[in-house]
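One structure is given here, and the rest of the page talks about it.
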Amino acid sequence: MLLPTLIGPLWLEVSPRGVRRLEPVLLPRGKEAEGPWADRVAEAVARYFRGERPGFGDIPLDYSGLSPKQVAVYEATRRVPYGRTVSYGSLAEDLGLFPRAVGAALRACPFFLLVPAHRVVHADGRLGGFAGREGLKAWLLRFEAGGA
DNA sequence: GCAGTATTGTATA
DNA sequence: TATACAATACTGC
């Protein structure tokens with residue numbers, strides 16, 4: 001399922017257990033692996049880009065196939081409140097991991113928006129990376145901070 | 001296995 | 001201010 005947004009189309013893929021992946025269309029093609037959560041996620045994403053603050057917390061994520069460390073990092077990242085930012089080190093300390101590991105896990109995060117990786121920044125306030133899309137990360141942060 | 005990363009803190013010039 | 005090093009986890013070759 002393809003979700004049109006202000007930053008371009010997002011590819012949504014869900015399973016009976018929850019969301020499998022949600023990210024900007026980098027994949028030339030994908031399987032129409034839709035499910036019962038597709039509409040719900042689509043609506044939440046639409047509201048997000050309307051400036052509302054939908055809680056993605058009630059949307060289940062399908063972590064199957066991911067390592068326990070990744071799941072831990074994603075779960076912790078999901079708890080970051082709207083408009084706030086956390087440092088990789090802070091997350092790492094909370095999880096008992098190391099900052100480097102947090103970055104590695106977030107780098108491979110397939111849950112764009114649902115796992116607000118854009119709210120995770122350097123310890124000194126700089127943005128850090130975003131899988132080659134730092135501009136997108138900056139846009140999201142400005143969007144959440146300024147409301148538009 | 002090995003190397004490259006979405007990091008951080010300390011040390012050195 | 002800028003560069004170098006060590007330690008961790010995930011991805012791709």
Side-chain angles (χ1 to χ4, degrees), chain A residues 1-33 35 37 41-42 44-49 51 53-148:
Chain A
M1 183 175 193
L2 221 48
L3 277 45
T5 72
L6 293 178
I7 58 174
L10 299 182
W11 176 251
L12 170 65
E13 201 175 309
V14 303
S15 75
R17 283 198 295 276
V19 178
R20 259 203 133 63
R21 61 192 308 131
L22 174 66
E23 55 191 357
V25 277
L26 335 139
L27 318 172
R29 62 195 165 286
K31 294 180 186 149
E32 292 291 333
W37 300 103
V41 176
V45 171
R47 279 195 316 217
Y48 175 88
F49 284 103
R53 303 187 176 193
F56 296 122
D58 58 342
I59 297 177
L61 269 43
D62 188 351
Y63 290 129
S64 60
L66 301 178
S67 75
K69 303 277 172 47
Q70 279 178 290
V71 175
V73 172
Y74 299 162
E75 284 292 320
T77 305
R78 288 183 72 187
R79 290 197 285 273
V80 179
Y82 187 103
R84 290 283 305 279
T85 58
V86 211
S87 70
Y88 292 91
S90 172
L91 263 183
E93 186 180 357
D94 194 41
L95 294 170
L97 297 174
F98 284 70
R100 199 77 176 82
V102 174
L106 286 179
R107 177 170 60 84
C109 179
F111 308 110
F112 182 69
L113 280 187
L114 301 184
V115 172
H118 56 278
R119 294 181 198 146
V120 185
V121 298
H122 280 219
D124 54 18
R126 284 174 306 180
L127 284 189
F130 199 64
R133 294 153 189 253
E134 298 173 30
L136 186 53
K137 182 173 189 173
W139 189 95
L140 289 170
L141 286 176
R142 192 166 56 84
F143 179 77
E144 293 188 356

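Values reported hereafter were calculated over all heavy atoms of this structure, with side chains retained and with hydrogens, waters and symmetry mates removed.
Atom CG of A:L95 and atom P of B:dT7 are 16 Å apart (whole Å). Rounded to a whole Å, the CG atom of A:D124 is 11 Å from the P atom of B:dT7. The nearest whole Å value for the distance from the OH atom in A:Y74 to the P atom in C:dA9 is 15 Å. With rounding to whole Å, A:L97 atom CG is found 14 Å from B:dT8 atom P. Atoms CG (A:L106) and P (B:dT7) sit 10 Å apart, rounded to a whole Å. Regarding A:R126, its CZ atom lies at a distance of 10 Å from the P atom of B:dT7, rounded to whole Å. Between the CG atom of A:L91 and the P atom of B:dT8 there is a distance of 10 Å, given to the nearest Å.
The minimum heavy-atom distance between A:Y63 and A:E75, with the atom names listed, is OH-OE2, 2.7 Å. Smallest separation of non-hydrogen atoms from A:L97 and A:K69: CD2-CD, 3.5 Å.
In this structure, the side chains of A:M1 and A:V41 stay at 4.5 Å or more apart for every pair of heavy atoms. Side-chain contact between A:F111 and A:T77 is absent, with no heavy atoms from C-beta onward closer than 4.5 Å. Looking at A:R119 and A:P81, their side chains never come closer than 4.5 Å, going by heavy atoms from C-beta outward. Side-chain contact between A:V86 and A:D94 is absent, with no heavy-atom pair separated by less than 4.5 Å. In this structure, A:V19 and A:F56 have side chains that are not in contact, with every pair of non-hydrogen atoms separated by 4.5 Å or more.
Contacts of A:A92 with the nucleic acid, taken as non-hydrogen atoms under 4.0 Å apart, are absent. In this structure, A:V121 reaches the sugar-phosphate backbone alone: every heavy-atom distance under 4.0 Å involves primed, P, OP1 or OP2 atoms, never a base.
Note that OG1 of A:T5 is 10.0 Å distant from OH of A:Y48, once rounded to the nearest 0.5 Å.
The side chain of A:F130 approaches B:dA6 more closely than any other nucleotide in the set B:dG9, B:dA6, C:dA9. Comparing C:dT8, B:dA6, B:dT8 by their nearest atom to the side chain of A:R107 picks out B:dA6.
Counting only distance, with no hydrogens or angles, the side chain of A:K137 and the backbone of A:L127 share a donor-acceptor pair below 3.5 Å.
Listed pair A:H122 / B:dT8 meets the phosphate criterion, a side-chain N or O lying under 4.0 Å from OP1 or OP2. Contact annotation: A:R100 reaches the phosphate of B:dT7 (side-chain N/O to OP1 or OP2, under 4.0 Å).
Within residues 60-72 of chain A, no residue is approached by DNA chain B to less than 4.0 Å at the level of any non-hydrogen atom.
Stem analysis of DNA chain C (Watson-Crick or G-U pairs, both distances under 3.5 Å, runs of at least three) returns B:1-5 with C:9-13, B:7-13 with C:1-7.
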